[in-house]
Amino acid sequence: MLADALLEGLNPEQQEAVQTTEGPLLVLAGAGSGKTRVLTNRVAWLIGVCGIAPEAILAVTFTNKAAGEMKARVEKALGPDARGVWLSTFHSSCVRILRAEIGHLGRSRGFVIYDEDDSLALVREALRRHGQDPKEEARRLRWRIDQWKNAGLLPAQAAERAEDLESEESAEVYATYQRLLAEANALDFGDLLLLTVELFERFPAVLRHYQERWQYVMVDEYQDTNRVQYRLVNQLAAAHRNLCVVGDPNQSIYRWRGADVRNILDFERDFPDAKVVALHRNYRSTQRILSGAGAVVENNPGRPPKRMVTDRGDGDRIVVYAARDDRDEAQFVVRGILDAVRERGHSYGQCAVFYRTNAQSRTIEEELLKYDVPYVVVGGVRFYERAEVKDALSYLRLIVNPADGAAARRIVNRPARGIGKTTLERAEAIAAERGLPLLEAFRAIANEESGRAGTAVRGFVTLLDSLEAEVREALPADAIARVLDRSGYLRALEAEGTPESEARVENLKELLLGAEDFAAANAGEESGRSPLEQFLDQVALVSDLDSAELRDDRVSLMTVHSAKGLEFPIVYVVGLEEGVLPHQASTKDPRAVEEERRLCYVAMTRAMERLALTWAHERRRYGSRSFGTPSRFLAEIPAALVERLGAPDWEAEARDDRPAYDYSYDQSRGSRSGGGSEEGGVTKGMRVRHPIFGYGSVLEVIGSGPGQALRIRFDRAGVKKIIVRYANLELG
DNA sequence: CCTCGGTGATTTTTT
DNA sequence: ATCACCGAGG
């Protein structure tokens, strides 16, 4: 009976994927092919039909949201029987394992999890200890360390592979960074995975325990796994070899974060006996949308993807709108949405706007506001990364783990209590010298110094001590409330009385509410760790106040990356220009362009009924004006699928090898806007390209009309004075 | 120690 | 345009 229910409504391929429980299985799940349903039904099948113990199943996803969704669906099918399944993200799975086993690596189980900010601060500190200036280096190096970790390289291995002096030095700082992390009893995101893999490698008996436990392993979004995740999955599945991975190479969009699409492409090589099931029936989009998206992604080299088919009918053509500028583009989008809602019975919640970069949301938002269209921007600054929220949490972190230097550094002078840079630096020097945690260094100052600084530090240390006594065993919400009150943080914020400070107070209230919810949801769970500790784990690993983002009565705005996994009846993808999508930074590297193309594919395949792609001739970018040409991806969509709106026939020109529009400043054409007017004229700060000197910035505009000259600082050739009329300059 | 103003850079970001 | 960071001055 349950068996029938679990197969009902599934197509033959989906059924096969659900029923294939033994041995390695690769499910190639194209966009909208009902992948989540297959995964959840497969879990339910294993338990409810095959009689496998829930405890023997591990299913990992990338996001909490995906994990939560699957968990809910499995529980719906099976009831409470499903409880024992480990269904969580890579990172939380690793946290659970490490909380139990990290002792083997000589580390304490009470570790805290550092986010990007904390980790950046620590990289700075590491650089300082190497006598280097942390200014410029820090961001880049943090990135590099992250990449090393994604690739599964510990400092020693990174050093081995260093081919130049700079890499060697970086690897040394990496080693110091790891040491500082250990001293702070902290792990960064990358460590969670890397140390788990290391643990399993060095302690086979520990690995064996988990291998035996998990007879069935499933991985979602396998195309986005990085090398460490790959190793982890292979370690865990090695004994039973019941490994099911699900993914779509065409939706691999996190290469820049260390994801390695080879993981999925080589699955059949890794497991020669693997069964492969391809889900190519699409349940989301109309045929035109599907064919258009497929035609784009087919331009990537490699095995051409299997064409997706749908039974949703042909649908409308894909609209391609050539806008005059970004405002016009936004207007087009908003008018279209208003039309869909007023004339065609759609709700705002069924409409979405996707863009390549967050900065592009501004123009769209302005226009939506103008017409009173309700919207929500998904993503952007994350809740738990807001300064005030991090401040409050840092108090808790420091109370739970006095070794947490990042937390101490953060709150020692927040609210302002007269402990400035000088004092902080002295504390850090003491910490480095005597090998103490930062907080202990502050204690030393409090005990040893009598001056103004000493008094201030004493105040801080006393505050912390009394807070610790009050709060350590408290419930998270109480702890936060007390911290905000006793530290004077809330009072200081309220005293400011600015709109910003009010918003911060609001955020803190939201944090309190979130903490209360957490306490309600997690009452009595897990052993050994205080509610406060559990709460801190949770906020470190949850990207946002989870849900409540997509609302039925609001238009959704988000980056294409955030859109992955979602679907909307009506979709606008804006900014389809060279330099935007594909992004400027990606155009030099063919592999990066391929990823941009997949990004375009992901964006298009989110649409169920109506899809519009827009580009703008002219766009405000970094404050100044820039001119754009239609994205190469637009030309890859067969004309028969497209309805072209807006400005003139760009396609004929785009087929040419030249840019679609020639905005050269030569004598025959003058400036684009007809010369003289400010509209298209050259202004200070503008970026231009000279046929001989290359790119440069305009320092000064001298005169006007035919005699107009420019002083330009060229990136390579220095400052030169150029007569516009003769120079054949291009904007760029 | 705090605040203001100049400087530079500026993709995407599940955890 | 905007934001984060740094250095000079209050």
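Any value given below was found using the heavy atoms of this structure, including those in side chains, with hydrogens, waters and symmetry copies removed. Everything numeric in this text was worked out from a predicted model, so none of it was measured.
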*Can you list the residues that meet the salt bridge (charged side-chain N to carboxylate O under 4.0 Å, His left out) rule with R452(A), with sequence neighbours excluded?*
none
Protein-nucleotides 1-4 of chain C N/O pairs under 3.5 Å:
residue: dT2(C); atom: OP1; partner: R362(A); partner atom: NH1; Å: 2.7
residue: dT2(C); atom: OP1; partner: R362(A); partner atom: NH2; Å: 2.7

N/O to N/O distances under 3.5 Å, protein versus nucleotides 2-6 of chain B:
residue: dC2(B); atom: OP1; partner: N413(A); partner atom: ND2; Å: 3.4
residue: dC2(B); atom: OP2; partner: N413(A); partner atom: ND2; Å: 3.3

*ring-ring contact (aromatic ring centres under 6.0 Å, His included) partners of F633(A), counting only residues at least two apart*: none
_All salt bridge (charged side-chain N to carboxylate O under 4.0 Å, His left out) counterparts of D589(A), not counting sequence neighbours_ = R255(A)
_Interface residues of residues 245-264 of chain A with DNA chain B (non-hydrogen, below 4.0 angstrom)_ = Y254(A), W256(A), R257(A)
_Contacts of V461(A) that satisfy side-chain contact (heavy atoms from CB on, under 4.5 Å) - sequence neighbours left out_ = F442(A), R443(A), A446(A), V457(A), D465(A)
*asked:* I need the full list of salt bridge (charged side-chain N to carboxylate O under 4.0 Å, His left out) pairs touching residues 143-153 of chain A, with sequence neighbours left out, sorted by first then second residue.
replied: D146(A)-R257(A), K149(A)-D188(A), K149(A)-D191(A)
_Once side-chain contact (heavy atoms from CB on, under 4.5 Å) is applied, do any residues pair with V112(A), and if so which ones, sequence neighbours excluded?_
Y114(A), A186(A), N401(A), D404(A)
_The criterion is side chain to side chain donor-acceptor pair (under 3.5 Å); which residues satisfy it with R327(A), sequence neighbours excluded?_
none
_Going by the rule salt bridge (charged side-chain N to carboxylate O under 4.0 Å, His left out), which residues pair with E595(A) if we only count those two or more places apart in sequence or in a different chain?_
R598(A)
_Contacts of Y254(A) that satisfy ring-ring contact (aromatic ring centres under 6.0 Å, His included) - sequence neighbours left out_ = W256(A), H561(A)
